> 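Quick one: the structure is below, questions incoming.
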Amino acid sequence: MKDNRRSFIKKGASLAAALSMGGAYAARAGRRMPDESIRAVARDAGMKFALMMGPTSPRVPYAKQMDVLHAVSGVQRIAGLDPWDPKAISATRDSWEQLGMKWTVVEGPPSLGSQTKLGLSGRDEEIANFITFMKNLKQYGGVDVICYNWMPVISWARTTMDAPGRGGALVTMFDDADIQGRPLTEYGEVSKETLWDTLEYFLKAVVPEAEKIGMNLSLHPDDPQVHSIQGISRIMNTVENFDRMLNLVPSKYSGLTMCQGNFSLMGADIPALIRRWGNDGKINFVHFRNVQDLSGVLPSTKFTETFHDEGQIDMYEAMKAYHDIGFKGTIRPDHVPTMAGEENTRPGYMTLGTLYAIGYMRGLAESVSKRAGGT
Amino acid sequence: MNDNRRDFIKKSASMAAMLSVASLSSCSQSGSDQNNEPVADGAAAEWPITAGANAPKMCLGSSPKATVAEMRKIKQLGVDHVLMGGPPIPWTEETLRGIMDRFKAEGLTVINMMIGGHPNTIYGREGRDEEIRHIQDSLRAAGKVGLPVVEYNFYAHRLMAGYYEVEGRGGAGITAFDYERAKDIPSDPEPQTAEMLWDNLTYFLKAVIPVAEEAGVRMALHPNDPPIPIAHGHEQIMARFEDWKRLIEIVDSPANGMTYDCGVSRELGEDPLEVLRYLGSRDRINHMHYRNVIVEKPYEKYQEVFIDEGQVNMFAVMREVFKQGYHFGLYPEHPRALDYDKEHPAGVPDFYPGGGGYAAEAYNVAYTRAMMQAVASLDGVK
């Protein structure tokens, strides 16, 4: 078990033609070895394959075995320290470095909560802390992408966590009909206008700061992308609204997270949208995900997650589009089915489905980067 | 859990059709005039990509006695075909049908069974004619029940002792082979020379291939793996590209074919594409293994690595496979030992050092599925 793998691979390349055996088996000795290593093209088409996890997550060893060496991670909690404290951020960066992995994205940043999204008192303090977080994250964490969303109070939502998928695998599902009649939250009715106002206020405050330090703000679409849940409106639920958002405070540093599932459920042609926003430099981060609409309306009111290779999105064309726009950022598989033998303890994020998703992404990335060469 | 899956797929297909119409209008509303349309690569297959009759069939190994739960594990991976070791010879229609129907009930088609139990045939000993009769009967039974491919081996002794585990990325298990570790083990009592084995194989093929042909069954001879020249004192005759060329000429029939293994091809120091084109253009590939290797010394020293990191250009192989219209089984075999499998009871079948289980198969199957969808998108399906 002590063999040094790296030197083996090196030796393998240089000694490949050496052959000591006699007779007919020596026939290959002088032959040029077909070196068709995939190292001839950029690994993963030059993209940063990542998983969402913390440094102590049991996913870390699996990620390394899958050769997934980038992390979408929050800041480690350290007693007595705010998550925007340089010490907390530095500690997180050190943890990832010690694991041999690179921390590239924060998803769901601290200090961006309901005060800011609903425009309540206290939002200026939240925003000030958010700006501090951005600066320290860049300076001490080396991270330059923040994925945030504009879903106050009720965030990610599903109505079924164990719908039967392929071969009896379990998938999450959302059906708007299941939540009709649910009571308003303590915040009552929240209009779309309010959310547009608060979003604009936020962007005007943070985008100039993001520009100064080179932080890529990446707004995630609403999930589910319905018009409202329990009285709280949703605005990041159509492609048109994303175009409007991008124009509120136009900047190289105000972009989006291409979450394929939600944009597809808004009716978008995903490969075409990747090309359009990608060529405009708006895609900072990718959730590579597939879904199936079951509602027949847009934006979808009923849908299910699927395995990556089924579902309604043309995944090969999507991967090809990232390659063609020269996307080199972080890409992670999102929700995956729960598979045989797994307890459904974290629907969407179990191990077997994640292994499947990464294998699939890697095969597509290798294909799109090799297709041009004709081999 | 009572949803009818078939209905679900049907429904989703029609929903998808509705949606794609809607998405066109939605996109133009959002002012997508700056779209850089991709340069068309060819006659692309439409999503969702379905494997047609002329596409390869991804398959996984199973036990003929698999439980329904075990069959569903395969289905969850999106795999609809299985291969397995067949029952003791002679096979009967009834036995085969019993096995195949159980799988069919779970949506799995048995595409290949390995036939064995012919040691006297391999050694050219008394009793071989009875074995051959049993195999002929088995092939007739296979033809009647619609089993398309029967795989077999023709070696006197496999040199398992040369395999050992090395640590790969993240501590995953890699299967390594080194002839040095096993070349000095004592010879078996009746060492077979290459010519003895060729004679015995020829005798066998002349007897069974016409029967297979008549039954509509194709035979696939598995190459020697490890492809070393001598195992336990016996010479090996399926260990070189020249051997494979010689095999298919013994009886000139597509029923007299091989298992093409891009990994083994590379273990010989051959170009896997050249081997694929040679055998495929002659319609002699009746089964296929899809795996990757890094070779230090052809025939003798190599590692069976992750499918995504070796010396075989897996994309080029898949592209050529589709180009040939190859439509039998394609088996992404020899998964690596991942921690997940090691940590689960019975997660790793005790066979190859550094070999893995279901989790590693999930990774390999998904990579292979991506390659298949990519090639179908790019070049279409014949």
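Chain A is the first sequence line, chain B the second, and so forth, proteins listed ahead of strands; every chain is numbered from 1. Keep in mind that the numbers below use all heavy atoms, side chains included, and drop hydrogens, waters and symmetry copies. Here the structure is a predicted model, which means the values were calculated and not measured.
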> Checking B/D339 against A/Q65: is there a side-chain donor and acceptor pair closer than 3.5 Å?
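Judged by distance alone, the side chains do pair up.
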
> Relative to chain B, which segment of A/N290 carries a heavy atom at a distance below 4.5 Å: side chain, backbone, both, or neither?
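Just the side chain, heavy atoms under 4.5 Å.
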
> Output the option from B/V365, B/V317, B/N364, B/L338 having the highest count of non-hydrogen pairs under 4.5 Å with chain A.
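The option with the most such pairs is B/L338.
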
> A/Y356 versus chain B, heavy atoms under 4.5 Å apart: side chain, backbone, both or neither?
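For A/Y356, backbone and side chain are both near chain B.
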
> Side-chain contact test, heavy atoms from C-beta onward, threshold under 4.5 Å: evaluate it for B/L330 versus B/M318 and give yes or no.
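B/L330 vs B/M318: side chains touch.
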
> For B/I74, is it the side chain, the backbone, both or neither that has a heavy atom under 4.5 Å from a heavy atom of chain A?
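No part of B/I74 comes within 4.5 Å of chain A.
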
> With no hydrogens and no angle check, do the side chains of B/T67 and B/R72 hold a donor and an acceptor under 3.5 Å apart?
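There is no such pair between these side chains.
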
> In sequence, state the C-alpha distance, the side-chain angles, and the governing distance for A/E317 and A/R371, and then conclude on salt bridge (Lys or Arg N to Asp or Glu O under 4.0 Å).
CA-CA 12 Å; A/E317 287 296 331; A/R371 78 186 196 278; over 6 Å; no

> Report the option among A/L364, A/I313, A/T351, A/V368 that has the most heavy-atom pairs separated by less than 4.5 Å from atoms of chain B.
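Of the candidates given, the most pairs with chain B belong to A/I313.
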
> Is a donor from one side chain sitting under 3.5 angstrom from an acceptor on the other, for B/Y302 and B/R266?
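Side chains of B/Y302 and B/R266: no pair found under 3.5 Å.
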
> Do you know which of A/M319, A/M361, A/M315, A/H308 has the most heavy-atom pairs with chain B at a distance under 4.5 angstrom?
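Answer, by heavy-atom pair count under 4.5 Å with chain B: A/M315.
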
